[in-house]
**Q** 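This structure is in structure tokens; I'll ask about it shortly.
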Amino acid sequence: MFKKFFLSDWNMNIAILVNAIVIFFLYFPQIKVHYPDFYHFLEYLDVFFILVFLIEAILKLQNEGFRNYFSSAWNQLDFWVVLFSLPSLLHFIPGFGVIHTSLFKVLRLIRLIRLVRFMHVIPNMDMILAGLGRAIRSSVFVLLVLFFMNFILAIFTCHFYGNLVPQYFGDPLISSYYIFQMFTIEGWNEIPAVIAEAAAEQDVPYAHMVIGMTRFYFILVVLLGGIFGMSLANAIFVDEMTMDNNRDLEKKITQLQGEIRELKDLLLEGREKKA
């Protein structure tokens, strides 16, 4: 009974979910300040789950053997997650409280990756993952084009507006971030407004012409990268994700066409015999 509980995927998935909720509440500083007893209870509960996952790993190693256990990618993930969770236990051992840094608290979050195992209960998960793989492969070229477009536009924008609005285009890295932001149609109208204000304040020669060209330039950025580029990437991604459904429909249509041909042949044969 003891082994069955720890070797049940459903039980462990529920434990993972409950542990995720515990970690969620542990990151509320208000709980630590206003409800210290409850916060300490959550910490001990978190330690309990570390021990549960440790026992699960040990029992699986005994049950499956070293080679079979590590042949599974899920088991490898579980093993490393448990291993990286163990330093958190040192905080509760007398004399080791000093080494409990925020780093170990962050490492505990790695256990949340195990929640991905819930994907096994999703119907047709293999088809979804296959479609996802095809979509990523098909989108690589478009993403590379978007990357180079972002790279070139970032340098151009840095050259023209770096001195005017350094907070947005002071160097190519900052510039590339805000250009990509415009690709997502975010802030495309706010940044030109800031440039217009900066041009007016700094008495830039031909300020009205600069402002007009700026608006035209950023409209081109949004059109090229946002509307055409990102939309194309999304279209390819969605098309590849739904390819399996299209193939099923094509097979059914082909099958129906074959059956229709057989019926036509039978009708023709019947007519010929009557004649």
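We number each residue from 1, following the sequence as shown.
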**Q** Using side-chain heavy atoms (C-beta onward) and a distance below 4.5 Å, is Ile179 in contact with Phe183?
**A** yes
**Q** Quick one: are Ile195 and Ile211 in side-chain contact, heavy atoms under 4.5 Å?
**A** no
**Q** Are side-chain heavy atoms of Phe169 and Ile174 found at a separation under 4.5 Å?
**A** no
**Q** Are there more than 12 heavy atoms of other residues, nucleotides or ligands under 6.0 Å from atom CG of Asn189?
**A** yes
**Q** Check the pair Phe53, Glu56 against side chain to side chain contact (heavy atoms under 4.5 Å, CB included), reporting the backbone distance first and the verdict last.
**A** CA-CA 5 Å; Phe53 299 138; Glu56 178 204 12; 4.0 Å; yes
**Q** May I ask you to check whether Asn75 and Glu64 show a side-chain donor-acceptor distance below 3.5 Å?
**A** yes
**Q** Of the non-hydrogen atoms in Phe49 and Ala15, which two are nearest, and what is the gap between them?
**A** CE2-O, 3.6 Å
**Q** Looking only at heavy atoms, which two atoms of Leu164 and Ala198 are closest? And how far apart?
**A** O-CB, 3.8 Å
**Q** If I take atom CD1 from residue Ile31 and atom CZ from residue Phe41, how far apart are they, to the nearest 0.5 angstrom?
**A** 12.0 Å
**Q** Indicate yes or no for a side-chain donor-acceptor contact from Ser71 to the backbone of Asn68 under 3.5 Å, with no hydrogens or angles considered.
**A** yes
**Q** Hey, what do you get for CG (Asp78) to CG (Leu83), rounding to the nearest 0.5 Å?
**A** 12.5 Å
**Q** Give every donor-acceptor pair under 3.5 Å between a side-chain atom in residues 147-159 and any protein atom, sequence neighbours left out.
**A**
from   : atom 1 : to     : atom 2 : distance (Å)
Asn150 : ND2    : Ser176 : O      : 3.1
Thr157 : OG1    : Leu153 : O      : 2.5
Thr157 : OG1    : Tyr217 : OH     : 2.6

**Q** Would you say Ile185 and Val222 make side-chain contact, with heavy atoms under 4.5 Å?
**A** yes
**Q** What's the spacing between Gln202 CD and Glu197 CD if we round to 0.5 Å?
**A** 11.5 Å
**Q** CE/Met182 to CG/Leu220 distance, rounded to the nearest 0.5 angstrom?
**A** 12.0 Å
**Q** When rounded to the nearest 0.5 angstrom, what distance separates CZ in Phe48 from CG in Asn19?
**A** 10.0 Å
**Q** Assert yes or no for the condition that the ring centre distance of Phe70 to Phe66 is strictly below 6.0 Å.
**A** yes
**Q** For a side chain to side chain contact (heavy atoms under 4.5 Å, CB included) check, start with the C-alpha distance between Phe180 and Thr184, then their side-chain angles and the critical distance, and finish with the verdict.
**A** CA-CA 7 Å; Phe180 181 76; Thr184 62; 4.1 Å; yes
**Q** Any heavy-atom pair between the side chains of Val22 and Glu43 that's under 4.5 Å?
**A** no
**Q** Just verifying a value: how many Å separate Trp188 CH2 and Gln181 CD, rounded to the nearest 0.5 Å?
**A** 13.5 Å
**Q** Determine whether Tyr161 and Phe218 satisfy the following criterion, ring-ring contact (aromatic ring centres under 6.0 Å, His included), listing intermediate values before the conclusion.
**A** CA-CA 12 Å; Tyr161 301 104; Phe218 283 110; 5.7 Å; yes
